[in-house]
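Here is the structure we will look at.
The chains referred to below are lettered A, B, ... by the order of the sequence lines, with proteins before strands, and numbering in each begins at 1.
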Amino acid sequence: MEWETVIGLEIHAQLNTVSKIFSGAPTAYGAEPNRQACPVDLGMPGVLPVLNRGVVERAVMLGLALDAEVAGRSVFARKNYFYPDLPKGYQISQFELPIVASGHLDIELEDGSTKRIGVTRAHLEEDAGKSLHEGFEAMTGIDLNRAGTPLVEIVSEPDLRSAKEAVAYMKKLHSLVRYLDICDGNMQEGSFRCDANVSIRPKGQAEFGTRAELKNLNSFRFVERAINFEIERQIDVIEGGGRVVQETRLYDPDRDETRSMRTKEEANDYRYFPDPDLLPVEVDQDFIEEIRGRLPELPDAKRERFVREYELPEYDAGVLTATREMGDFYEAVVRGCNAPKLAANWVMGEFSAALNRSEVELAEAPVDAGALAGLLARIQDETISGKIAKEVFEAMWNGEGDADSVIEAKGLKQITDTGAIDAIIDEVIANNPKQLEQYKGGKDKLFGFFVGQVMKATQGKANPAQVNERLKERLDQA
Amino acid sequence: MTQETLSDWVRKLRAREISSRELTRLYLDRIERLDADLNSFVTVTAESALEQADAADARLAKGEEAPLLGVPVAQKDIFCTRGVRTACGSRMLDPFVSPYDATVVERMHAAGAVMLGKTNMDEFAMGSSNETSFYGPVRNPWDTARVPGGSSGGSAAAVGARLAPGATGTDTGGSIRQPAAFCGITGLKPTYGRVSRYGMIAFASSLDQGGPMAASAEDCGHMLNAMAGFDERDSTSLERPAEDFTAALDADLTGLRIGLPQEFFGEGLDDGIRAALDEAIRVLRERGAEIREVSLPNSHLSVPAYYVVAPAEASSNLSRFDGVRYGYRCEDPQDLLDLYTRSRGEGFGAEVKRRIMVGTHVLSAGYYDAYYLKAQKVRRVIADDFRRVFADVDLLLGPTTPELPFELGAKSADPVKMYLSDIYTIAANLAGLPAMSLPAGEVQGLPVGLQLIGNYFDEARMIGVAHQFQQETDWHARVPSAFA
């Protein structure tokens, strides 16, 4: 039987406010345990939550970017359950009335087409703390630094049909929250994490199959692998005559498999009710318009503009706008050298390769946009060839100075003087009489041999176009 | 000294007729000498009280003015006090020393008040007799075989016996007014949102409100001046211009429209209380008030709605007491579930557990709509009744309680009977309205409480009317003979 996969994603993005969602304690990552938890975060007797306005602004930005409905009135509710890292015995979240509803995000599929993925809702909530199991003999440590960190949970419609689509959606959303500068997107630190609801059904069937919820998918690679594993597992279960049970499964990246955590029968009754300590969140049209005015250019708009303004192919525009930083970097390079296509090739090629090789972030790259533009300008004005430019770039990356000083220091300036090139050509022809004879006899392929000899004699510095032109003329005359 | 009210002390301290240290010493001595019969204090902070008194004397010497400068007061043990045990009447918090001060404590400190100590209360403010306290029952100064009411029973008994000129209370369903009535003192529950709830251990967040308890209405006005005000740490705190709650003490009652809700005078009301209220009404009428009968047709729904909403919120509010971070933890827990169940099982008393179970039930899937949502609708219906009535009258008047103070143990076995003690007080909490209880008579040597319910933010007028009544009567000035 042919099976169709149905996937919906729940993505938790940590909002990058300086302080927590309901207290003034800082949100910075990596502090000593329990040093960033104030009485409110610790759930001390008598403390009360006060909503951080920055959190609401970020949620509204997200809502506008998803072309969603931003609720004029949304309500915080308590989700009640006991867990040691949940200090109050309830999590403050949004339940019946979330701040964002009915949006969508368009993803690009491998065949170049676009697919619209529905976003059911996005709601605000506080994060819990962490249980620490290492280093505590027969005990569990509790670190409440993360408790009260603001999260937005973005819930998609079950519109995704493969692991690849799920990853494309997740990447697109990841790019979007970073464009909006509402989340740092750091997946290692858990700032952007994903749960996936996965089910299968016979192709053509309208009803959904029973779904499993996959947890702990904290990289794009894990999302793809966990979903693919889960699809195979469900097919095996059904084709083996069994039934998929509704349950929560944990992905284990070390063994590349998903394991059952709890079934629906064991699921908690969270006893949601509106939190009486917090007033409903009122967002008026003026506030929404003010936020709209502050929205940056979003990825899709930027991509279209790159195609239009810089005459880039769709593919290039897509790569260069994948992150806001990359797009900004590219535009800074173009401003410095005025060669959009050349800049695109270099940013996507040598530059990105060097970033990957050195494992550094764009912001920390040893060659900044101005320096790269300086190098490309030397290609443009034919001071050096593209090939020599790669050598110069390496030197720049290694901290040997800007393009001009590297060219100067290494004597890499391109030879464009016709007289000098002619002299070298004549010398090469004189030193290779046998090849000249064969060339004259019709062996045209030997033209390349002569080019190679000239370039070798000039250590690659001769202008290739000029070499071609002059060599042809001199060979014909010889 | 039992004749002086808090307001008298404010004047005498300002006039330098007595120092704060002398006054504080006087009350500390009374507590030491007399509280053994009452058990109204769970903690007496004698040393820090005298330090605070000295600081207040220094401020007085510089001619500073602050609403309660140098006045000793007691704090209900529901308010967090930094460095002092804050147990909320519960074994669960018996080991808990708060790392911070509640806003009310902070504000009263800034206003110059001297804290004598922390007063006993029903466990987590759940009770109407002060019998659910982990620290033992409080006794009524008018008859120590009887209860002082609850949950602010310690504060009421302490003020009634003049062990403190004033004390704070909190009122979720009548917990200031009912004990004030039982102990013959004046107590005021402000409009919801007037007094910050930050640092006031939550029972039912949408109903809880702190307020003053003292001998007279004027005293309550002075205390409320110190307690009330916007607090950015409490999202339900109301941002309003500062107000002097003693501004309307000279109120002229001529033409004042007072409504008597007929539902508050029906079956179940003690005859002695009814007679005392008739006399009080006559006094007010003589002073020019217009008395008319009004109706709050849905008031019979108050108690059932309250006993859904309050336990629901409480069941969630009390989840933080889990034995993990602070407070009581059972011996030698075997695993996480054992830690939870035994810490909570041993740390909470029976009434608290009962309400957690009721609250958990009414919020459960399948019951939420039938109970919690319906109770919220009833709340709106009750608030609408009041809105309608306040179109025609300025104040409502009725009994605070249906009965006189009862004997210890008389109702402990029957929670529903106990809950009915608050039958006249709960509606004001459900609607968020200000209300107060003031002494209005004596029956068989026991005090009778008269309740006023005002419109939103009408505390000053309510205090003024009560003050005028207290100019005509001396019920509020009477002190039980054993403590005179």
Go through the atoms of Gln376(B) and report whether side chain, backbone, both or neither lie under 4.5 Å from a heavy atom of chain A.
neither
Could you look at Leu144(A) and say if it's the side chain, the backbone, both or neither that has a heavy atom under 4.5 Å from chain B?
side chain
In terms of heavy-atom proximity below 4.5 Å to chain B, should Asn80(A) be classed as side chain, backbone, both, or neither?
side chain
For Met44(A) and Pro99(B), work out which heavy atoms get closest and say how close.
CE-CG, 3.6 Å
Heavy atoms only, distances under 4.5 angstrom: which of Asn317(B), Thr86(B), Leu93(B) has the most pairs with chain A? Name it, please.
Asn317(B)
Sub-3.5 Å donor-acceptor pair from the side chain of Asp269(A) to the main-chain atoms of Ala365(B), do we have one?
yes
With a 4.5 angstrom heavy-atom cut-off, which part of Tyr198(B) approaches chain A: side chain, backbone, both or neither?
both
Below 4.5 Å from any heavy atom of chain A, which atoms of Tyr367(B) appear? Answer side chain, backbone, both or neither.
neither
For residues Tyr326(B) and Leu42(A), determine if any side-chain heavy atom of one lies less than 4.5 Å from a side-chain heavy atom of the other.
no
Describe, in one word, how the ring planes of Tyr340(B) and Phe82(A) are oriented to each other, choosing from parallel (under 30°), tilted (30 to 60°) and perpendicular (over 60°).
tilted
Hey, would you say the Phe273(A) and Tyr368(B) ring centroids sit under 6.0 Å apart?
no
Arg197(B) and Leu48(A) have their tightest heavy-atom pair at C-CD1, 3.7 Å
Is it the case that more than 12 heavy atoms not belonging to Arg294(A) sit under 6.0 Å from its CZ atom?
yes
Other residues, nucleotides, ligands: >12 heavy atoms within 6.0 Å of Glu289(A) CD
yes
Answer yes or no: does atom NZ of Lys353(B) have more than 12 heavy-atom neighbours from other residues, nucleotides or ligands under 6.0 Å?
yes
In terms of heavy-atom pairs under 4.5 Å with chain B, which of Thr140(A), Leu51(A), Val50(A) leads?
Val50(A)
State, to 0.1 Å, how close Pro274(A) and Tyr372(B) come at their nearest heavy-atom pair, and which atoms those are.
CD-CE2, 4.1 Å
Are any of the side-chain heavy atoms of Glu313(B) and Asp275(A) separated by less than 4.5 Å?
no
Hey, is NE2 on His109(B) packed in by over 12 heavy atoms from elsewhere, all under 6.0 Å?
no
Chain A contact via Ile78(B) - which portion, at a heavy-atom distance below 4.5 Å
neither
Need one label for Thr360(B): side chain, backbone, both or neither, based on atoms under 4.5 Å from any heavy atom in chain A.
both
Among Pro87(A), Pro39(A), Gly89(A), which residue forms the greatest number of heavy-atom pairs with chain B at distances under 4.5 Å?
Pro87(A)
Hey, is CZ on Arg35(A) packed in by over 12 heavy atoms from elsewhere, all under 6.0 Å?
no
Evaluate Thr236(B) against Leu279(A) for side chain to side chain contact (heavy atoms under 4.5 Å, CB included), listing each step before the verdict.
CA-CA 7 Å; Thr236(B) 60; Leu279(A) 304 175; 4.3 Å; yes
Chain A contact via Phe321(B) - which portion, at a heavy-atom distance below 4.5 Å
side chain
More than 12 heavy atoms from other groups under 6.0 Å of CD on Glu232(B)
no
Select one option (side chain, backbone, both, neither) describing which atoms of Tyr81(A) are under 4.5 Å from chain B's heavy atoms.
neither
Would you say that more than 12 heavy atoms from the other residues, nucleotides or ligands in this model lie under 6.0 Å from the CZ of Arg211(A), or not?
no
Considering non-hydrogen atoms only, spot the tightest contact between Ser205(B) and Arg78(A) and give its length.
OG-NH2, 3.8 Å
Residue part contacting chain A, namely of Ala204(B), when any heavy atom lies under 4.5 Å
neither
Looking only at Pro45(A), Pro276(A), Pro84(A), Pro49(A), the option with the highest number of non-hydrogen pairs under 4.5 Å against chain B is Pro45(A)
Can you check whether Arg271(A) reaches Ser316(B) side chain to side chain, under 4.5 Å on heavy atoms?
no
Would you find more than 12 non-hydrogen atoms of other residues, nucleotides or ligands less than 6.0 Å from Arg82(B) atom CZ?
no
